[in-house]
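Structure record follows, encoded as structure tokens.
Numbers for residues simply follow the sequence, beginning at 1.
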Amino acid sequence: MNTWSEFKDSILNDEMTVIDTLSQLQAERLKWGISQKVFAETIGMKQPQLAKIERLDSVPSLVTLNRYAHGLGLEIKLSIISK
């Protein structure tokens, strides 16, 4: 069983991974000059919903991150490594 400190660190690391991934995806969208409105329509989402995710007012699920990536012609790959 993990200690609270280990568990808390694990959660923070997971959140940072999501934030880092989303930041990279958003940077790619901006690099291509795609507006939130156009991109939201492309991935079957409403613009306010996309804005909320990009502001991190809502933490996206892996499914949503994949939707975002696929809309840019990208793929998210996860890996499990031993520490």
Side-chain angles (χ1 to χ4, degrees):
M1 179 147 177
N2 291 342
T3 66
W4 169 246
S5 180
E6 290 169 336
F7 182 70
K8 183 176 72 171
D9 289 346
S10 171
I11 290 172
L12 291 175
N13 288 337
D14 291 345
E15 287 178 4
M16 288 308 298
T17 300
V18 169
I19 291 167
D20 291 342
T21 302
L22 182 58
S23 293
Q24 290 176 2
L25 292 171
Q26 185 177 2
E28 192 69 20
R29 176 184 69 76
L30 294 171
K31 183 173 96 176
W32 285 91
I34 304 168
S35 71
Q36 275 187 346
K37 182 175 179 357
V38 168
F39 190 65
E41 290 171 3
T42 300
I43 63 173
M45 189 179 286
K46 297 197 183 305
Q47 184 275 331
Q49 183 183 8
L50 179 61
K52 189 175 181 179
I53 290 168
E54 288 186 348
R55 284 191 315 265
L56 293 172
D57 289 344
S58 171
V59 178
S61 67
L62 183 55
V63 170
T64 300
L65 283 176
N66 269 321
R67 234 166 101 189
Y68 198 122
H70 291 164
L72 295 168
L74 302 171
E75 183 176 324
I76 294 176
K77 287 192 171 194
L78 297 175
S79 60
I80 298 172
I81 57 172
S82 60
K83 292 184 175 184

Is [X] linked to [Y] within one hydrophobic cluster, defined over Ile, Leu, Val, Met, Phe, Trp and Tyr using a side-chain heavy-atom separation of less than 4.5 Å?
{"X": "Leu30", "Y": "Leu56", "value": "no"}
{"X": "Ile19", "Y": "Leu25", "value": "yes"}
{"X": "Val63", "Y": "Phe39", "value": "no"}
{"X": "Leu74", "Y": "Ile53", "value": "yes"}

Original post:
Do the side chains of Arg29 and Gln36 get nearer than 4.5 Å, heavy atoms only?
Top reply: yes

Subject >> Side-chain heavy-atom pair Tyr68, Leu50 within 4.5 angstrom cut-off >> reply: yes

Out of curiosity, [X] [atom1] to [Y] [atom2], how far, rounded to the nearest 0.5 Å?
{"X": "Lys52", "Y": "Lys46", "atom1": "NZ", "atom2": "NZ", "result": "14.5 Å"}
{"X": "Thr64", "Y": "Ile43", "atom1": "OG1", "atom2": "CD1", "result": "8.0 Å"}
{"X": "Glu54", "Y": "Gln26", "atom1": "CD", "atom2": "CD", "result": "4.0 Å"}
{"X": "Asp57", "Y": "Gln49", "atom1": "CG", "atom2": "CD", "result": "12.5 Å"}
{"X": "Thr42", "Y": "Leu72", "atom1": "OG1", "atom2": "CG", "result": "9.0 Å"}

Subject >> Heavy-atom pair with the smallest gap, counting every atom of Pro60 and Leu65 >> reply: CG-CD2, 3.9 Å

Subject >> Short side-chain to backbone donor-acceptor contact, Arg67 and Leu62, under 3.5 Å >> reply: no

